Amino acid sequence: MTFRVWAPAVSRVRVRTRGAEHEMTAGGGGWWFSDVPAPPGADYAFVLDDDEKALPDPRSSWQPQGVHGPSRIYDHSAFGWTDESWAGRALPGGVIYELHIGTFTPEGTFDAAIGRLDHLVDLGVTFVEVLPVNSFDGTDGWGYDGVLWGAAHEPYGGPDGFKRFVDACHARGLAVVLDVVYNHLGPSGAYLDRFGPYFAGSNDWGPGLNLDGEGSDEVRRYVLDIALGWLRDFHVDALRLDAVHALSDRRATHLLEELAVEVEALSAAVRRPLTLIAESDLNDPRLVTAREGGGYGLHAQWCDDLHHALHVTLSGETSGYYADFGAPGALAKTLRQAFFHAGTWSSFRERTHGRPVDTRTVPGHRFLIYLQNHDQIGNRATGDRLSASVSPGRLACGAAIVFCSPYTPMVFMGEEWAARTPWQFFASFPDPELAEAVRTGRRREFARHGWGEAEVPDPMDPATVERSRLDWSEPGKEGHREMLGLYRSLIALRRSRPELADPWLDRFEVRADGPLLVLDRGALRLVCNFGPEAADLGDPAGNVLLSWGGATATHLPPDTFVLIDALG
């Protein structure tokens, strides 16, 4: 076994494995090497200079004893894949389902999640997006405090468990999207800076990476290799890149473009589509513009403006960053052009923000639309879903807009049956001081917005995790069963009627007519009534394909919708 590690800032490195320490030899570019007899399954760690503390491998694939323990040699070739015939899925026309392994099932493991995949197949989704599964300190957490980015979290089932999950998804025709975090590291177990100049500055969540300073070539290579490893070695189909606006990179070729180039090359090598989806607060279409057109070449991005406009329409909430979306016609405007803030004034930011999308050349499938996601639920003080405060009729209208829009729909786990369980912020840091700091910081943050301490769940309390687990008895209960049926029908219609999946924004018509929102998709027309009174539509306009709440082709009660085929 050849052990290798990049550690340009030290003068001595030893590898500790199987009860002995072995000196490593300095090579070029700050790399150290050592050939030591060690089989797969053997534990190892690196000792730097005269420090006796052994550190895990920054490129570890397996951390069975947690982020502070030794790494374990993992043989990727030993896993028995059964997805040889899997040809992958392209994103256009797809439907994404976002889930968190730890709370998707009572057991909170990869293997338990496999037992619920048939529900997703019956629902009609085509992509399963998994919140980060990289190793973080503790047993329970969202995953965004990871510090060993290439190792699958051991309490979920480790690397073999994740491979079993991906393999099972592919057997059911489901592509897998993995959420990855490269904009910061978590507060416990982030040892990268002991090895070399990995860190440069910080952001709201922790230390950021050195992407453009001295020594940054290897730091960038570190990110690229780990990202490619998930796609190649774990057979993942897509990566969702967390908060790319927090990546500080002033190079002529941005890390995102560099990643897009390498992923395209890997896609050709493995002969299946590989997709990159960004989360970005920039409202900059260059991220999802092809490289030939001067963009970064990413395939899609989350579109929070679409969420915000929908949220305000459904809930009436206009505080904080929702304020601008309460303007008349905001939902229709945002549906028409993807970004509400497109070189226009943002009152929340107190500046102009964003850049327009060229709706003639940029297809809608490059923007994800959703009523809810882990951030928009979990970052509320009590982790309350829309179903806690919004009527079933309004939820149904929101779902109809999402699935009848030209954008790529995404569903957050449990949304499809209007789950009543919250999804709250939780963590489980073993260090008492760190745990108390997180607990106190969370309460102070929401106290500034008028919440009392007693109202903010303790993120370190195991009960917070338990409350956030899905209740799988709900889908068969009254009220939930009907919503689930609606989601299945909407997804089935989107797959059977090409007009609904047509991504071209310049062929999509949407207008606000008083309390009515009207979407025209070829011969299909969706009409939603958000007003307090019933609305009459006049003469019958065609055959009703789907409706909610007693709506007909001519009459819509409040908080209902009707989808009409004008050609009958």
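As the structure is a computational prediction, the values presented were derived from the model and not from experiment.
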Residues H100, F426; criterion ring pair (Phe, Tyr, Trp, His ring centres under 6.0 Å); working and verdict: CA-CA 12 Å; H100 174 262; F426 51 84; 5.5 Å; yes

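- Here R251 does not pair with D212 in a salt bridge; the nearest charged N to carboxylate O distance is not below 4.0 Å.
- Between the side chains of W86 and D237, at least one donor N or O sits under 3.5 Å from an acceptor N or O.
- Rounding to the nearest 0.5 Å places CD of E466 at 4.0 Å from CZ of R469.
- Contact check for F348 versus H308: no side-chain heavy atoms found under the 4.5 Å cut-off.
- Taking the ring pair (Phe, Tyr, Trp, His ring centres under 6.0 Å) definition, one finds that F199 meets it with nothing, sequence neighbours left out.
- For Y74, the ring pair (Phe, Tyr, Trp, His ring centres under 6.0 Å) partners are W62, H76, not counting sequence neighbours.
- Using a 4.5 Å heavy-atom threshold, the side chains of Q65 and R72 count as touching.
- Applying the side chain to side chain donor-acceptor pair (under 3.5 Å) rule to D179 yields the partners Y144, R240; only residues at least two apart in sequence or on another chain are considered.
- Nearest heavy atoms, C169 versus V128: SG-CG2, 4.4 Å.
- The side chain to side chain donor-acceptor pair (under 3.5 Å) search around D193 returns none, not counting sequence neighbours.
- The shortest non-hydrogen separation linking L178 to L131 is CD1-O, 4.4 Å.
- Nearest heavy-atom pair, P197 versus V219, reported as atom, atom and distance to 0.1 Å: O-CG2, 3.6 Å.
- Between Q424 and T382, the closest heavy-atom pair is NE2-O, 2.9 Å.
- Looking only at distances, no side-chain donor or acceptor of W149 sits under 3.5 Å from a matching main-chain atom of L185.
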Worked verdict on E218 versus W6 for side chain to side chain donor-acceptor pair (under 3.5 Å): CA-CA 8 Å; E218 287 295 349; W6 185 62; 4.8 Å; no

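- A300 and L368 make their closest contact through CB-CD1, 3.9 Å (heavy atoms, listed as atom of the first residue, atom of the second, distance).
- We find that R291 and E257 are joined by a salt bridge, their nearest charged nitrogen and carboxylate oxygen being less than 4.0 Å apart.
- Relative ring orientation between Y322 and H307 is described as tilted, the plane-to-plane angle lying within the 30° to 60° band.
- Around the CZ atom of R349, the shell of radius 6.0 Å holds more than 12 heavy atoms that belong to other residues, nucleotides or ligands.
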Stepwise side chain to side chain contact (heavy atoms under 4.5 Å, CB included) check, F195 with W32: CA-CA 11 Å; F195 290 87; W32 297 75; over 6 Å; no

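- For the pair D284 and R286, the salt-bridge criterion is met [side-chain N within less than 4.0 Å of a carboxylate O].
- Of the possible donor and acceptor atoms, none in the side chain of H299 sits under 3.5 Å from a partner among the backbone N and O of I277.
- You'll find the ring centres of W472 and F104 inside the 6.0 Å limit.
- In this view, T464 and R467 satisfy the side chain to side chain donor-acceptor pair (under 3.5 Å) rule, not counting sequence neighbours.
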Stepwise side chain to side chain contact (heavy atoms under 4.5 Å, CB included) check, F234 with V176: CA-CA 10 Å; F234 288 87; V176 177; over 6 Å; no

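- Side-chain N or O atoms of S387 include one that pairs as donor or acceptor with a backbone N or O of A419 at under 3.5 Å.
- If you take CG on D35 and CZ on R4, they are separated by 12.0 Å, rounding to the nearest 0.5 Å.
- Checking side-chain atoms of E416 against main-chain N and O of G414 turns up a donor-acceptor pair under 3.5 Å.
- By the 4.5 Å heavy-atom criterion applied to side chains, L386 and E415 are not counted as neighbours.
- Distance check: S248 OG to L255 CG gives 11.5 Å after rounding to the nearest 0.5 Å.
- Atom NE2 in H153 sits 8.5 Å away from atom CZ in F110 (nearest 0.5 Å).
- Side-chain contact between D304 and Y370 is present, with heavy atoms from C-beta onward closer than 4.5 Å.
- Shortest non-hydrogen contact noted between L298 and L256 is CD2-O, 3.9 Å.
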Trace of the side chain to side chain donor-acceptor pair (under 3.5 Å) decision for H68 with S188: CA-CA 9 Å; H68 300 290; S188 181; 3.2 Å; yes

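- Other residues, nucleotides and ligands contribute over 12 non-hydrogen atoms within 6.0 Å of the CG atom of D122.
- A donor-acceptor distance shorter than 3.5 angstrom exists from the side chain of S428 to the backbone of T139, with no hydrogens or angles considered.
- No more than 12 heavy atoms of other residues, nucleotides or ligands shown are found within 6.0 angstrom of CD on E264.
- In this structure, the side chain of E98 does not engage the main chain of F412 through any donor-acceptor pair within 3.5 Å.
- Note on D111 versus R164: salt bridge recorded, some NZ/NE/NH1/NH2 to OD/OE distance being below 4.0 Å.
- Counting heavy atoms from C-beta outward, Y44 and S71 have side chains that approach closer than 4.5 Å.
- A donor-acceptor pair under 3.5 Å is formed between the side chain of T126 and the backbone N or O of V95.
- Between R272 and D83 no salt bridge is recorded (no basic side-chain N to carboxylate O distance below 4.0 Å).
- Residues satisfying the ring pair (Phe, Tyr, Trp, His ring centres under 6.0 Å) criterion with H184, sequence neighbours excluded, are W205.
- For R366 (side chain) and V288 (main-chain N/O), a donor-acceptor pair under 3.5 Å exists by modelled atom type.
- Ring centers of W142 and H374: under 6.0 Å apart, within the cut-off.
- The pair R12-D49 fails the salt-bridge criterion, with no side-chain N (NZ, NE, NH1 or NH2) lying under 4.0 Å from an Asp/Glu carboxylate O.
- Between P422 and I377, every side-chain heavy-atom pair lies at or beyond the 4.5 Å cut-off.
- For the atom pair R172 CZ and D167 CG, the distance stands at 10.0 Å (nearest 0.5 Å).
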I73/F3 under side chain to side chain contact (heavy atoms under 4.5 Å, CB included): CA gap, chis, key distance, verdict: CA-CA 10 Å; I73 299 172; F3 292 97; 3.9 Å; yes

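- Contact of the D242 side chain with the N183 side chain is registered, since non-hydrogen atoms from C-beta on lie closer than 4.5 Å.
- Without hydrogens or angle criteria, H353 side chain to D281 main chain gives a donor-acceptor distance under 3.5 Å.
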Check against side chain to side chain contact (heavy atoms under 4.5 Å, CB included), T421 and R385: CA-CA 8 Å; T421 50; R385 297 171 179 261; 4.1 Å; yes

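- Looking at heavy atoms from C-beta onward, V177 lies out of side-chain contact with T275 at the 4.5 angstrom threshold.
- The CD atom of E279 sits 5.5 Å away from atom CG of D375, with the distance rounded to the nearest 0.5 Å.
- Side chain of Y222 to main chain of Y198: no donor-acceptor pair is present (N/O by atom type, distance under 3.5 Å, no hydrogens or angles).
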